[in-house]
Colleague: 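Dropping the structure in here first, questions after.
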Amino acid sequence: MIALVDCESFYASCERVFDPRLDGRPVVVLSNNDGCVVAMSREAKALDIPMGVPWFQLKGYAQAAGVVARSSNYELYGSLSTRVMEIIGRYAAWQEVYSIDESFIGMHGTVDELTRIGHQIRAEVLQSTGIPVRVGIGRTKTLAKLASRGAKADLSLGGVCHLGSYSPDRLDRIMAGTDVTDLWGVAGRTGKKLAGMSIHTAKDLRDADPKQIRKRFSVVLERTVMELRGLPCLPLEAPRPYKDQLIFSRSFSRPVETAAEMRQVLSIYAQKVSSRLRTQGQVAGVVSAWAMTGHYVTEGRHSAHVSVGLPTETDEPIMLSKAAQMLAPRILHGTRYTRAGVVLTGLRPKTSASPLSLFEPEFEGRRIGETLDGITQKLGPRAIGVGLGGMRGAPVWNMRREMLSKRATTHWDEICEATA
DNA sequence: TCTGGGGTCCTAGGACCC
DNA sequence: TCTGGGGTCCTAGGACCC
């Protein structure tokens, strides 16, 4: 059997761990730039605040209704996630950490045994970290996901739902009451196309002809059909040694319109992403950069892309920053760009085979990257940078985070204080 | 004024090979 | 009119996830 353990309203729950005043109050967490709502506590959901609503639209109502808003504090969430995942891992020989707030584990046992273990996991994670979790158990990942929805919907289950505890009739009724787009792997576009074939519920999809589904859609949806029937098609994945790509992208707090400013943006973003690259011990072979106007503008929409193959794979910030700045000629002067990003692909672990010295880039071997990382770690992210990245103050286009909580688990000077 | 960010997998189609 | 067949690799774009 497979269990999905997922954290309830994870970001909002993290905010509560070190600020118990938030208990029982509606809490929303905002995306970068304090843009829109990306997480809500149960109380906020009860107010029918739509997920994804822009903060500037919600602000007035939120303040009147006593909603507490927080900027997203990924350093805190990442740190608490690591603790939660470690505890969950103690309960299984095989664990897949699927996302910051979800983990699949493999389990053996009777319905009663597994349900009991589910409750134990819940209790221990709550006791040790303050984060409430739900446990959904089924024969496949897709069914475990469905069970997790059940645990959320039916409070009488106490946070643990094992699909094996239902009769076939009851399971049919549950699936018939589940919209097909609420399934894992089925979103809006596929949902629309399925509706055209009179497939509206999870039960409809389970009972559809897999071959037809594969022909009309893809092998991905065919797998969903089989998984709904209890046939595992998606194995628990082992942790990967490294990623296929790394991205650093941000929206600006105000539009960037000049090539000079955009060069600064790209230089800094490239340095940010190169630092992640070094953390993972990888080198990159291809640098891509893009810039675009907002989704919501009606006039003057524009986007620019460029992709550069590097002569030698590298993790050095100077090379990568120069490559990213090759986007500059594609930038239309006077366009109101609202976001940009730098993407590294062609990633390999750094250890294997060093390039012939003839082709070594100018700065290779001088350990510029390592040196910057060391200084940054000691003195903070803006202490040093290459070229346009070495800024005393934050650039004017830098993102907004006006309601940021403390990073209580990763910075000594932000540690939680208790007062009598 | 103000609408997130970081990933994965799959497929189709082009380039290229013999 | 009519222009091989079979294979691999790579990339761009679509769809989805949290």
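Just so you know, these numbers come straight off a predicted model, no measurement behind them. To find a chain, count down the sequence lines: A is the first, B the second, and so on, and within it residues start at 1.
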Colleague: Within the structure, does a side-chain N or O atom of A:Lys145 lie under 4.0 Å from either OP1 or OP2 of C:dC18?
Modeller: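 For C:dC18, OP1 or OP2 has a side-chain N or O of A:Lys145 closer than 4.0 Å.
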Colleague: Do side-chain atoms of A:Tyr337 reach the backbone of A:Leu332 as a donor and acceptor pair under 3.5 angstrom?
Modeller: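 Between the backbone of A:Leu332 and the side chain of A:Tyr337 there is a qualifying donor-acceptor contact (under 3.5 Å).
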Colleague: So, is A:Ser31 near the phosphate of B:dT3, with a side-chain N or O under 4.0 Å from OP1 or OP2?
Modeller: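 Result: no.
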Colleague: So A:Leu30, base contact, sugar-phosphate only, or nothing? Heavy-atom distance under 4.0 Å.
Modeller: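 Nothing, no heavy atom under 4.0 Å.
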Colleague: Which nucleotide, B:dC2, B:dC10, B:dG4, lies nearest any side-chain atom of A:Ser218?
Modeller: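 Closest nucleotide among those given: B:dC10.
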Colleague: Mark yes or no: A:Lys141 above the aromatic ring of A:Phe104, with NZ or CZ under 6.0 Å from the six-membered ring centre and no more than 45 degrees from the axis.
Modeller: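 Cation-pi check for A:Lys141 and A:Phe104: passes.
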Colleague: Check every strand shown and say whether A:Asp244 touches a base, only sugar-phosphate, or nothing at a heavy-atom separation below 4.0 Å.
Modeller: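 Touches sugar-phosphate only.
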Colleague: What does A:Val53 touch in the nucleic acid at a heavy-atom separation under 4.0 angstrom: a base, only the sugar-phosphate, or nothing?
Modeller: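 A:Val53: no heavy atom of the nucleic acid under 4.0 Å.
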Colleague: Find the distance A:Arg189:CZ to B:dC10:P and express it as a whole number of Å.
Modeller: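 Taking CZ of A:Arg189 and P of B:dC10, I get 19 Å after rounding.
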Colleague: With side chain to side chain contact (heavy atoms under 4.5 Å, CB included) as the test, pick out the partner of A:Leu246 among A:Val273, A:Val342, A:Val343.
Modeller: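 When side chain to side chain contact (heavy atoms under 4.5 Å, CB included) is applied between A:Leu246 and each of A:Val273, A:Val342, A:Val343, only A:Val273 qualifies.
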Colleague: Stacking check: are the rings of A:Tyr98 and C:dC18 less than 5.5 Å apart at their centres and under 30 degrees in tilt?
Modeller: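 Base of C:dC18: not stacked against A:Tyr98.
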Colleague: Ignoring backbone atoms, test whether A:Arg240 places a side-chain nitrogen or oxygen under 4.0 Å from the OP1 or OP2 oxygen of B:dG7.
Modeller: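 Checking B:dG7 against A:Arg240, no side-chain N or O comes under 4.0 Å of OP1 or OP2.
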Colleague: Return the nucleotide paired to B:dC18: Watson-Crick means purine N1 to pyrimidine N3 with N6-O4 or O6-N4, wobble means G-U with N1-O2 and O6-N3, both under 3.5 Å.
Modeller: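 By the stated definition (distances under 3.5 Å), C:dG5 pairs with B:dC18.
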Colleague: Without decimals, in angstroms, what is the distance between A:Asn398 CG and B:dG4 P?
Modeller: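 After rounding, the gap between these two atoms is 16 Å.
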Colleague: Would you mind classifying the nucleic acid contact of A:Phe248 as base, sugar-phosphate or nothing, using non-hydrogen atoms under 4.0 angstrom?
Modeller: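 Sugar-phosphate contact only.
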Colleague: Let's see if you can work this out: which of B:dG4, B:dG6, C:dC18 has an atom nearest to the side-chain heavy atoms of A:Asp101?
Modeller: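 In terms of side-chain proximity for A:Asp101, the closest of B:dG4, B:dG6, C:dC18 is C:dC18.
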Colleague: Is any NZ, NE, NH1 or NH2 atom of the basic residue among A:Glu124 and A:Arg90 found under 4.0 Å from an Asp or Glu carboxylate oxygen of the other?
Modeller: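 Judged by the 4.0 Å cut-off on N to carboxylate O distance, A:Glu124 and A:Arg90 do form a salt bridge.
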Colleague: Are A:Lys243 and B:dG7 close enough that a side-chain N or O sits under 4.0 Å from OP1 or OP2?
Modeller: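 So the side-chain polar atoms of A:Lys243 do come within 4.0 Å of the phosphate oxygens OP1 or OP2 of B:dG7, strictly under.
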Colleague: For A:Ser251 and A:Arg214, find the nucleotide of DNA chain B closest to each by heavy atoms; which residue's nucleotide sits nearer the 5' end?
Modeller: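 First, find each residue's nearest nucleotide; the 5'-ward one identifies A:Ser251.
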Colleague: Could you check whether A:Leu58 gets within reach of a base, just the sugar-phosphate, or nothing at all, counting any heavy atom under 4.0 Å?
Modeller: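 If one applies the 4.0 Å heavy-atom cut-off, A:Leu58 turns out to touch nothing in the nucleic acid.
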Colleague: How would you label the contact of A:Gln245 with the nucleic acid (heavy atoms, under 4.0 Å): base, sugar-phosphate, or nothing?
Modeller: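 A:Gln245: base contact, heavy atoms under 4.0 Å.
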Colleague: Distance check: side-chain N/O of A:Ser99 vs OP1/OP2 of C:dC17, anything under 4.0 Å?
Modeller: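 Negative; the distance criterion is not met.
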Colleague: Classify the nucleic acid contact of A:Asn32 as base, sugar-phosphate or nothing, counting any heavy atom under 4.0 Å across all strands shown.
Modeller: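 Here A:Asn32 touches the backbone only, sparing every base.
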Colleague: Judged by each residue's nearest nucleotide on DNA chain B, which is more toward the 5′ side, A:Gly35 or A:Val220?
Modeller: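 Between the two, 5'-proximity favours A:Gly35.
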Colleague: In whole angstrom, what separates A:Leu194's CG from C:dC16's C1'?
Modeller: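 Distance check: A:Leu194 CG to C:dC16 C1' gives 14 Å.
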Colleague: Expressed in angstrom and rounded to an integer, what is the separation of A:Glu237 atom CD from C:dC17 atom P?
Modeller: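 So the CD-P distance, A:Glu237 to C:dC17, works out to 16 Å.
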Colleague: Look at all strands and tell whether A:Trp184 reaches a base, only sugar-phosphate, or nothing, counting heavy atoms closer than 4.0 Å.
Modeller: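 Touches sugar-phosphate only.
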Colleague: Tell me yes or no: between the side chains of A:Glu237 and A:Tyr98, is some donor less than 3.5 Å from an acceptor?
Modeller: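 No - no donor-acceptor pair under 3.5 Å links their side chains.
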Colleague: Using whole Å, what does the distance between atom P of nucleotide C:dC18 and atom CG of A:Leu4 come to?
Modeller: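 Going from A:Leu4 (CG) to C:dC18 (P), I get 9 Å.
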Colleague: Just how far, in rounded Å, is P of B:dC9 from CG of A:Leu234?
Modeller: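 The distance from CG of A:Leu234 to P of B:dC9 comes to 12 Å, rounded to the nearest Å.
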Colleague: Under 4.0 Å from OP1 or OP2 of B:dT3: is there any side-chain N or O of A:Arg339 that close?
Modeller: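 For A:Arg339, the contact criterion (side-chain N or O under 4.0 Å from OP1 or OP2 of B:dT3) is not met.
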Colleague: Could you tell me if A:Arg240 sits above the aromatic ring of A:Tyr242, with its cationic atom closer than 6.0 Å to the ring centre and no more than 45 degrees from the axis?
Modeller: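 Ring-cation test returns no.
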Colleague: Roughly, in whole Å, what's the span from CE in A:Met403 to C1' in B:dC2?
Modeller: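 These atoms are roughly 12 Å apart.
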Colleague: Determine the contact category for A:Thr190: base if any of its heavy atoms lies under 4.0 Å from a base atom, sugar-phosphate if only primed atoms, P, OP1 or OP2 are that close, otherwise nothing.
Modeller: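 The answer is sugar-phosphate, as A:Thr190 gets under 4.0 Å only of primed atoms, P, OP1 or OP2.
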Colleague: Whole angstroms only, please: what is the CZ-P distance between A:Arg400 and B:dC2?
Modeller: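 One finds 9 Å between P of B:dC2 and CZ of A:Arg400, rounded.
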Colleague: Do the charged groups of A:Glu227 and A:Arg139 touch, with an N to O distance under 4.0 Å?
Modeller: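 Salt bridge flag = no for A:Arg139 with A:Glu227.
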Colleague: Please tell me if A:Arg223 has a side-chain N or O lying less than 4.0 Å from either OP1 or OP2 of B:dC9.
Modeller: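 Checking A:Arg223 against B:dC9: no side-chain N or O falls below 4.0 Å of OP1 or OP2.
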Colleague: I want to verify a distance call: between B:dT3, B:dG6, B:dC10, whose nearest atom is closest to the A:Arg250 side chain?
Modeller: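 Side chain of A:Arg250 sits closest to B:dG6.
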